[in-house]
Undergrad: 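There's a structure below that I have some questions on.
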Amino acid sequence: MFIIGVYIVLPATAVSGDQAASINTGANYYYRITFSILKAGRISGTFSETRGNSITLYIFNEQQQTAYQSGQTTDHMFTTSASTGSFSASVLSPGSYYLVLEHGAGFTDQVQNVQVSWVLDGSNPALLGTGLAILATGLVLLFIGYRKMHRASPPPSATDVVIFDQPGKTSLSR
């Protein structure tokens, strides 16, 4: 438990980036950015469509992305529709995650250019609290085990004690 707690408490190294994205003309076009995440944390950032037209931004996990790509109505981790804004979603487990940009309502007949800035970081308040609780539980169990181990050892017996004569006095002196 102690090791698991340490793993959860230590945040992943933050990774950031900027990307220019173009959503081609047509209702079936979208732009996707893929993230391979090795540790729980947070995906966050900002976006802006260069002409001020609305776009829709989603954050999906792998199953949600597969459903979206096949045209099914799907759940998402985050969604917003605007010409500019910010996004944020907690990532609870390692895996592939997707930032998807699609045309806003009424803009499928034109190319939309979007500037996206994103940050992947390991700071997740819910996971930090969970990690600290697991870490504390591990420390308590370690302490209890240490105490039980010392209580279980027998006290030293008389055969374990060696007795020496006092210096300067010998039993053979005349």
Side-chain angles (χ1 to χ4, degrees), residues 1-139 141:
M1 287 191 95
F2 181 74
I3 293 170
I4 294 170
V6 169
Y7 174 78
I8 291 174
V9 169
L10 292 177
T13 305
V15 177
S16 63
D18 288 316
Q19 196 160 345
S22 280
I23 309 169
N24 289 330
T25 307
N28 295 328
Y29 286 98
Y30 61 91
Y31 191 89
R32 179 180 73 194
I33 301 170
T34 304
F35 302 104
S36 292
I37 297 178
L38 302 175
K39 188 171 181 183
R42 179 171 289 295
I43 299 172
S44 60
T46 59
F47 67 95
S48 178
E49 202 278 341
T50 56
R51 286 189 246 147
N53 297 326
S54 178
I55 62 150
T56 301
L57 180 142
Y58 297 100
I59 298 176
F60 293 128
N61 63 27
E62 194 152 7
Q63 295 80 18
Q64 294 165 341
Q65 168 61 26
T66 301
Y68 172 83
Q69 197 169 2
S70 67
Q72 300 173 18
T73 304
T74 182
D75 289 332
H76 45 74
M77 296 171 61
F78 179 88
T79 187
T80 188
S81 292
S83 60
T84 185
S86 61
F87 55 90
S88 181
S90 290
V91 176
L92 301 178
S93 62
S96 295
Y97 293 86
Y98 305 89
L99 181 67
V100 174
L101 307 166
E102 72 177 18
H103 290 287
F107 296 104
T108 58
D109 60 342
Q110 57 185 287
V111 173
Q112 288 188 277
N113 296 307
V114 183
Q115 186 63 38
V116 181
S117 297
W118 46 267
V119 175
L120 302 175
D121 67 23
S123 62
N124 186 329
L127 284 177
L128 180 62
T130 303
L132 288 174
I134 291 172
L135 185 60
T137 303
L139 287 172
L141 291 174

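This is a predicted model, so every value here is computed, not measured.
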Undergrad: Could you measure the distance from the CG atom of Leu57 to the OG1 atom of Thr79? Nearest 0.5 Å is fine.
TA: 7.0 Å

Undergrad: Would Gln112 and Tyr29 count as having a side-chain donor-acceptor pair, cut-off 3.5 Å?
TA: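 No donor-acceptor contact under 3.5 Å links the two side chains.
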
Undergrad: Considering all heavy atoms of both residues, which atom of Ser88 and which atom of Arg42 are nearest to each other, and what is their separation?
TA: OG-NH1, 2.8 Å

Undergrad: Is there a side chain to side chain contact (heavy atoms under 4.5 Å, CB included) between Gln69 and Arg32 once you walk through the steps?
TA: CA-CA 10 Å; Gln69 197 169 2; Arg32 179 180 73 194; 3.6 Å; yes

Undergrad: How many angstroms lie between atom CD1 of Ile55 and atom OH of Tyr31, to the nearest 0.5 angstrom?
TA: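 OH of Tyr31 is found 12.0 Å from CD1 of Ile55.
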
Undergrad: Heavy-atom count around Asp109 CG within 6.0 Å, excluding the residue itself: above 12?
TA: yes

Undergrad: Minimum heavy-atom separation for Thr80 to Ser86, with atom names?
TA: CG2-O, 4.4 Å

Undergrad: Before giving the answer on side chain to side chain contact (heavy atoms under 4.5 Å, CB included), spell out for Gln65 and Val100 the whole-Å C-alpha distance, their side-chain angles and the decisive distance to 0.1 Å.
TA: CA-CA 9 Å; Gln65 168 61 26; Val100 174; 3.4 Å; yes

Undergrad: Below 4.5 Å, heavy atoms only, C-beta onward: do Leu101 and Val116 meet side chain to side chain?
TA: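 With C-beta onward as the side chain, the pair touches.
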
Undergrad: Using 30° and 60° as the class limits, which term best fits the ring planes of Trp118 and Phe35: parallel, tilted or perpendicular?
TA: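 Trp118 vs Phe35 ring planes: perpendicular.
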
Undergrad: Kindly compute the distance separating CG (Asp121) from OG (Ser16), expressed to the nearest 0.5 Å.
TA: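 Asp121 CG to Ser16 OG: 10.0 Å, rounded to 0.5 Å.
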
Undergrad: Check whether any side-chain heavy atom of Phe107 sits under 4.5 Å from a side-chain heavy atom of Ile23, and report yes or no.
TA: no

Undergrad: Are Ser54 and Ser83 close enough that a side-chain donor and a side-chain acceptor fall under 3.5 Å?
TA: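 No - no donor-acceptor pair under 3.5 Å links their side chains.
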
Undergrad: Taking side chain as C-beta onward, heavy atoms only, is Phe87 less than 4.5 Å from Ile43?
TA: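 Of all side-chain heavy-atom pairs linking Ile43 with Phe87, at least one is under 4.5 Å.
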
Undergrad: Angle class for the Tyr30/Tyr68 ring planes (parallel below 30°, perpendicular above 60°, tilted otherwise)?
TA: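 Correct class here is perpendicular.
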
Undergrad: Which atom pair, heavy atoms only, marks the closest approach of Thr108 to Ala27?
TA: CG2-CA, 3.9 Å

Undergrad: What pair of heavy atoms forms the shortest contact from Ser48 to Thr84, and how long is it?
TA: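 Closest heavy-atom pair between Ser48 and Thr84: CB-OG1, 3.8 Å.
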
Undergrad: Does the side chain of Ile33 reach to within under 4.5 Å of the side chain of Gln19, using non-hydrogen atoms?
TA: yes

Undergrad: If we count only N and O atoms by modelled type, under 3.5 Å, do the side chains of Tyr97 and Gln64 hold a donor and an acceptor together?
TA: no

Undergrad: Hey, does Pro94 have a side-chain heavy atom less than 4.5 Å from the side chain of Ile37?
TA: no

Undergrad: Which residue in the set Leu120, Ile59, Val119 passes side chain to side chain contact (heavy atoms under 4.5 Å, CB included) when paired with Ser44?
TA: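 Testing each of Leu120, Ile59, Val119 against Ser44, the sole residue satisfying side chain to side chain contact (heavy atoms under 4.5 Å, CB included) is Val119.
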
Undergrad: Dump the intermediate steps for side chain to side chain contact (heavy atoms under 4.5 Å, CB included) on Arg51 and Glu49, then the final yes or no.
TA: CA-CA 6 Å; Arg51 286 189 246 147; Glu49 202 278 341; 3.5 Å; yes

Undergrad: Looking at side-chain heavy atoms only, is the closest gap between Asn61 and Met77 below 4.5 Å?
TA: yes

Undergrad: To the nearest 0.5 angstrom, please state how far the OH atom of Tyr58 sits from the OG atom of Ser81.
TA: 6.5 Å

Undergrad: Per the side-chain hydrogen bond (donor to acceptor under 3.5 Å, both in side chains) rule, which among Thr25, Asn53, Asn24 passes with Gln110?
TA: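 Of all the options given, the one that passes is Asn53.
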
Undergrad: Less than 4.5 Å apart, side chain to side chain, heavy atoms only: is that true for Gln115 and Asp18?
TA: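 Yes, at least one pair of side-chain atoms sits under 4.5 Å.
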
